[in-house]
Amino acid sequence: MRLNIAFPFAIGIRGRSAAASDDVHVRDMIEQLLFTSPGERVNRPDFGSDLMQLVFAPNSSELATALRFTLQASLQQYLGDLIEVRTLDVSSDDERFIVNVDYLVRKTGVGATAQFQRRV
């Protein structure tokens, strides 16, 4: 049996690393990929997306389209063996980013929708 460590990291009721179900773990991996800036991870310097670096860029439909394509590419590159992204929508509202991802978990064939928000 494989243990999926919960994100964010926490200590469980037994004093060990808290665990997450497979579906929650996949959602957590998507969140980590979206909100990790390239260069943050020492052993994987290209891991992540430029989402948080575009906070101060002027809001435009061109930027949203470009961001959607780069996020789609990042999800395909790093999580393509685990999920199939059906739709991806990115919007910004004053001081926060909202990312909606509709995806299919390849292992189970179950579809899921997740919304991620970050205040900046």
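Hydrogens, waters and symmetry mates are skipped; everything else that's a heavy atom, side chains included, is used. Computed from a predicted structure; not experimentally measured.
- Under the salt bridge (charged side-chain N to carboxylate O under 4.0 Å, His left out) criterion, Asp102 pairs with no residue, sequence neighbours left out.
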Query - Working for side chain to side chain contact (heavy atoms under 4.5 Å, CB included), residues Val85 and Gln72 - result: CA-CA 8 Å; Val85 177; Gln72 179 86 27; 3.6 Å; yes

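- Here CG of Asp89 is found 6.0 Å from CZ of Arg68. Values are rounded to the nearest 0.5 Å.
- Here salt bridge (charged side-chain N to carboxylate O under 4.0 Å, His left out) pairs that include residues 72-81, with residues two or more places apart or in two chains, number zero.
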Requested in this report: Please assess Glu84 against Val105 for the test side chain to side chain contact (heavy atoms under 4.5 Å, CB included), listing each intermediate value before the final yes or no.
Outcome: CA-CA 7 Å; Glu84 175 186 330; Val105 179; over 6 Å; no

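- In this structure the side chain of Leu82 reaches within 4.5 angstrom of the side chain of Met29, judged on heavy atoms.
- Summarising the geometry, atom CZ belonging to Arg27 is positioned 12.0 Å from atom CD1 belonging to Ile83; distances are rounded to the nearest 0.5 Å.
- Within the 4.5 Å cutoff, side-chain heavy atoms of Ile98 are placed close to those of Gln115.
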Residues 35-45, side-chain donor-acceptor partners within the protein, below 3.5 Å, at least two apart:
| from | atom 1 | to | atom 2 | distance (Å) |
| --- | --- | --- | --- | --- |
| Thr36 | OG1 | Gln32 | O | 2.5 |
| Glu40 | OE2 | Ser37 | N | 2.9 |
| Arg41 | NH2 | Gln32 | OE1 | 3.1 |

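- Separation of atoms CD1 (Ile30) and CG (Leu79) is listed at 6.5 Å; rounding is to 0.5 Å.
- For Ala112, the side-chain contact (heavy atoms from CB on, under 4.5 Å) partners at least two apart in sequence or on another chain are Tyr103.
- Atoms CG and CG, from Leu88 and Asn100 in turn, are 8.5 Å apart once rounded to the nearest 0.5 Å.
- Nearest heavy atoms, Ser49 versus Leu34: OG-O, 2.6 Å.
- Every residue meeting the ring pair (Phe, Tyr, Trp, His ring centres under 6.0 Å) condition with Tyr78, not counting sequence neighbours, appears here in chain and number order: Phe47.
- Taking CG of Asp50 as the start and OG of Ser74 as the end, the distance is 7.5 Å to the nearest 0.5 Å.
- Counting only distance, with no hydrogens or angles, the side chain of Arg106 and the backbone of Gly80 share a donor-acceptor pair below 3.5 Å.
- Residues Leu104 and Leu75 do not share a hydrophobic cluster, defined by chaining ILVMFWY side chains whose heavy atoms lie under 4.5 Å apart.
- Qualifying side-chain contact (heavy atoms from CB on, under 4.5 Å) partners for Val24, counting only residues two or more places apart in sequence or in other chains: Ala20, Ser21, Asp28.
- In this structure, Gln117 CD and Glu31 CD are separated by 11.0 Å, a value rounded to the nearest 0.5 Å.
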